[in-house]
Amino acid sequence: MTEIANQDTSLNAVERSMGNRDIAEGAARTAVLKRRYDASVADVWNAITTPDRINRFFLPVSGDFQMGGSYAFEGQASGEILACDAPHLLRLQWTPPGDRGYSDQVEIRLTADGPDATWLELEHASVADVFRNDPDTGCYGVGTGWEGPLHYLGEYLRGTLPDAPSTEWYTFDEAEELRLANFRGREWAKIEAEHDGR
């Protein structure tokens with residue numbers, strides 16, 4: 001098996017931006033991540049919507065996987081499947097653990113770039129202040145948080161991850177994750193400053 005690429009290889013592969021749009025909870029800000037994968041739209045769609053495949057690069061997930069159904073990531077968010085237009089659009093209500101009294105939305109959009117490549121755009125929208133990035137204080141927003149999963153999705157599509165649930169092969173390295181978060185957080189802080197300055 002080809003060696004799993006270090007996450008540094010993805011740092012410059014992500015296009016980052018911020019925006020605004022309305023969600024059920026009201027006027028929201030958004031963090032948008034866009035990157036290209038060398039895999040067909042059908043393969044990327046299958047990877048992000050099939051529980052056994054999601055579990056290979058992200059987290060175990062359970063639920064009723066259909067429009068209007070619910071899902072739950074182990075130890076992470078849960079919610080309702082708000083829209084599903086295969087193989088191009090998936091929109092989820094995103095409610096982290098704990099009672100915050102509101103939910104975010106996560107939308108994934110896929111666009112073919114020829115027959116064997118795909119642009120994935122992930123937009124995380126929230127009415128809460130979950131976008132702030134200040135590496136000096138260890139504060140990291142949702143944009144920073146999504147970069148790791150998108151890296152490992154790329155490695156999974158390349159066939160470099162073990163054919164086993166992520167809980168069996170992923171080892172948390174606090175120092176390495178902090179280093180990556182600092183780099184990503186500074187990039188997102190620039191994007192946030194540009195967005196707020198408009």
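- Looking at Tyr140 and Asn182, their side chains do bring a donor and an acceptor atom within 3.5 Å of each other.
- Checked by atom type, the side-chain pair Trp94/His124 shows no donor-acceptor distance below 3.5 Å.
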Walk me through whether Lys34 and Trp119 qualify under side chain to side chain contact (heavy atoms under 4.5 Å, CB included). CA-CA 7 Å; Lys34 183 177 180 180; Trp119 283 100; 3.6 Å; yes

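- Counted within 6.0 Å of CD on Glu174, heavy atoms from surrounding residues, nucleotides or ligands total 12 or fewer; the atom is thus considered open.
- Side-chain contact of Arg179 with Gln7: a donor-acceptor pair under 3.5 Å is absent, judged by distance alone.
- Listed by first then second residue, pairs satisfying salt bridge (Lys or Arg N to Asp or Glu O under 4.0 Å) with a partner in residues 42-53 read Asp43-Arg53, not counting sequence neighbours.
- Residues Val61 and Asn55 fail the side-chain proximity criterion, which asks for heavy atoms closer than 4.5 Å.
- No hydrogens or angles considered: nothing links the side chains of Ser70 and Glu80 as a donor-acceptor pair under 3.5 Å.
- In the model, Asp113 has no side-chain atom that pairs as donor or acceptor with a side-chain atom of Thr118 under 3.5 Å.
- Under the side-chain hydrogen bond (donor to acceptor under 3.5 Å, both in side chains) criterion, the residue pairs touching residues 83-93 are Arg91-Glu107, with sequence neighbours excluded.
- Checked against the 6.0 Å centroid threshold, Trp169 and Tyr152 count as a close aromatic pair.
- For the side-chain hydrogen bond (donor to acceptor under 3.5 Å, both in side chains) condition, the pairs that include at least one residue of residues 12-22, sequence neighbours left out, are Arg16-Glu147, Asn20-His195, Arg21-Gln105, Arg21-Glu123.
- A salt bridge is absent between Arg158 and Asp38: the closest approach of a Lys/Arg side-chain nitrogen to an acidic carboxylate oxygen does not fall below 4.0 angstrom.
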